[in-house]
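Here the structure is laid out as structure tokens; the discussion comes afterwards.
In this text, all values refer to a predicted model and were calculated from it rather than measured experimentally.
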Amino acid sequence: MEKSLRILEAVAAPGGPHRLTGITEAAAVSKSSTYRILASLSAQGFVRQEAGGRYGVGPRLRGLSAQVTGGAEPASIGHVLDELQQTTGLTVHLALHSGETITCIRKLEGDQPFRTASRIGLRMPLHTTAIGKSILAHLPAEEVRTLITGGLPARTPQTLTTPEALEADLESVRARGFAIDEEENEPGVRCIGAAVLDHAGRPVAGVSLTTVTFLVPRDQLTSYAPGLRAATQALTPLL
């Protein structure tokens, strides 16, 4: 445990992502042990392996940090999300991808008189959420099949619970560039979401716009998609 914590500290040190040699020296752990522990931490989402054999902070570690700090993030990230919320008047979520789930790390309440059940630190399935489906749409088919091997549990009567239905929806996501959650995660709640990609084009997070079905029609919600996608593109160098 102590070795793992020292390695996490080394990975999270300023100037990252870091090479294996640098992490080994900073953590004072043998190279073979460091490599083994990093592999385990990467599989669990606490560390992310970058191009060139470097290692950076993973989504689960960022999610834990958000829970401790109440969702505080660098001002540049906050600016992007604040601008999206002010432009649309809707609730904005930022969530990080980790394995079969996403973790909400930022929620900006909308101007409308309703509150959803989401909260900072909440983990949600990929297949039931707009953010999750936008992430799945950017993953290789084999990886998607692996992620859904445990089944697709229903959270509402509208949840997509078969691989065939989910894949058909993901095809639509790829075609239009954003996902729609039509009361699939929470009754009466409709969302659109788009993925945030890293420098290699892999989805690491997502942003959504959320409303309730009786206040904002589907066509009005989807009309905000260009602004949503612009926000996710602006976040790419920040996450």
Side-chain angles (χ1 to χ4, degrees), residues 42-46 48 58-64 66-67 90-107 115-198 201-214 216 218 221-222 225 228-229 232 239:
S42 296
Q44 298 175 71
F46 289 104
R48 188 173 70 193
R60 287 192 68 184
L61 189 56
R62 291 183 186 275
L64 287 173
Q67 292 180 57
L90 303 179
T91 298
V92 175
H93 294 93
L94 171 64
L96 296 173
H97 176 215
S98 177
E100 300 174 358
T101 64
I102 54 172
T103 301
C104 179
I105 66 166
R106 183 71 183 266
K107 179 180 182 181
R115 294 292 182 269
T116 62
S118 60
R119 66 182 186 279
I120 292 173
L122 180 66
R123 296 176 68 181
M124 295 171 284
L126 293 173
H127 72 285
T128 68
T129 59
I131 289 177
K133 291 193 293 182
S134 69
I135 288 171
L136 285 171
H138 284 85
L139 292 174
E142 184 60 36
E143 188 169 346
V144 173
R145 283 193 290 270
T146 299
L147 288 172
I148 66 175
T149 51
L152 300 169
R155 290 176 65 90
T156 77
Q158 306 304 319
T159 302
L160 304 179
T161 57
T162 67
E164 295 76 16
L166 179 61
E167 180 51 40
D169 194 50
L170 295 182
E171 284 293 332
S172 298
V173 175
R174 297 181 189 106
R176 64 176 171 248
F178 63 94
I180 303 175
D181 161 13
E182 196 68 66
E183 300 186 74
E184 296 159 47
N185 191 66
E186 185 178 345
V189 175
R190 177 184 288 134
C191 308
I192 60 172
V196 179
L197 309 180
D198 66 11
R202 183 174 177 82
V204 295
V207 178
S208 68
L209 292 171
T210 301
T211 185
V212 289
T213 55
F214 57 85
V216 178
R218 178 180 171 124
L221 180 60
T222 58
L228 173 66
R229 294 181 63 187
T232 60
L239 288 174

**OP:** Quick one: do Thr159 and Thr161 satisfy side chain to side chain donor-acceptor pair (under 3.5 Å)? Show the steps, please.
**Re:** CA-CA 6 Å; Thr159 302; Thr161 57; over 6 Å; no
Subject >> Working for side-chain contact (heavy atoms from CB on, under 4.5 Å), residues Asp181 and Gln158 >> reply: CA-CA 9 Å; Asp181 161 13; Gln158 306 304 319; over 6 Å; no
**OP:** Show your reasoning for whether salt bridge (Lys or Arg N to Asp or Glu O under 4.0 Å) applies to Arg145 and Glu167.
**Re:** CA-CA 10 Å; Arg145 283 193 290 270; Glu167 180 51 40; over 6 Å; no
Subject >> Residue pair Phe178, Thr232: steps toward the side-chain contact (heavy atoms from CB on, under 4.5 Å) verdict >> reply: CA-CA 11 Å; Phe178 63 94; Thr232 60; over 6 Å; no
**OP:** List the steps, then state whether side-chain contact (heavy atoms from CB on, under 4.5 Å) holds for Ile192 with Thr222.
**Re:** CA-CA 7 Å; Ile192 60 172; Thr222 58; 4.1 Å; yes
Original post:
Yes or no on side-chain contact (heavy atoms from CB on, under 4.5 Å) for Arg115 and Val212, after CA distance, side-chain angles and deciding distance?
Top reply: CA-CA 9 Å; Arg115 294 292 182 269; Val212 289; over 6 Å; no
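In this structure a side-chain-to-backbone donor-acceptor pair under 3.5 Å is missing from Arg190 to Leu221. Counting only distance, with no hydrogens or angles, the side chain of Arg174 and the backbone of Ala137 share a donor-acceptor pair below 3.5 Å. A donor-acceptor pair is defined here as one N or O able to donate and one able to accept, closer than 3.5 Å; such a pair exists between the side chain of His127 and the backbone of Pro153. Judged by distance alone, the side chain of Thr129 and the main-chain N or O of Pro125 form a donor-acceptor pair under 3.5 Å.
If you take CD1 on Ile148 and CG on Leu166, they are separated by 5.5 Å, rounding to the nearest 0.5 Å. Atom CG of residue Leu147 and atom OG1 of residue Thr149 lie 7.5 Å apart, to the nearest 0.5 angstrom. Put simply, CD1 on Ile180 and OG on Ser172 are 8.5 Å apart, with the number rounded to the nearest 0.5 Å. Atom-to-atom distance recorded for Thr101:OG1 and Ile135:CD1 is 9.5 Å, nearest 0.5 angstrom. Atom CD1 of Ile131 is separated from atom SG of Cys104 by 7.0 Å, given to the nearest 0.5 angstrom. Atom CG in Leu122 sits 4.5 Å away from atom CZ in Arg119 (nearest 0.5 Å).
Using a cut-off of 4.0 Å between Lys/Arg side-chain N and Asp/Glu carboxylate O, Arg155 and Glu183 are scored as not salt-bridged. Look at Lys133 and Glu182 and you find no salt bridge, because none of the NZ, NE, NH1 or NH2 atoms lies under 4.0 Å from a carboxylate O.
Residues Ala194 and Gly177 share a closest heavy-atom pair of CB-O, 4.2 Å. Of all non-hydrogen atoms in Ser134 and Ala179, the two that sit nearest each other are N-CB, 3.8 Å. Nearest heavy-atom pair across Leu160 and Ala165 is CD1-O, 4.0 Å. Heavy-atom minimum distance, Ser118 versus His93: OG-NE2, 2.6 Å. Closest non-hydrogen pair, Ala195 versus Pro203, comes out as CB-CB, 4.2 Å.
Thr213 is not listed as a side-chain neighbour of Arg218, based on a closest heavy-atom distance of 4.5 Å or more. Residues Thr116 and Lys107 meet the side-chain proximity criterion, which asks for heavy atoms closer than 4.5 Å. Proximity of Val207 to Leu228: side-chain heavy atoms (C-beta onward) are separated by under 4.5 Å at one or more points. Taking 4.5 Å as the limit, every side-chain heavy atom of Ile102 sits out of range of all side-chain heavy atoms of Arg123.
With Val216 as reference, Thr211 is the one residue of Leu209, Thr211, Thr210 to meet the side chain to side chain contact (heavy atoms under 4.5 Å, CB included) rule.
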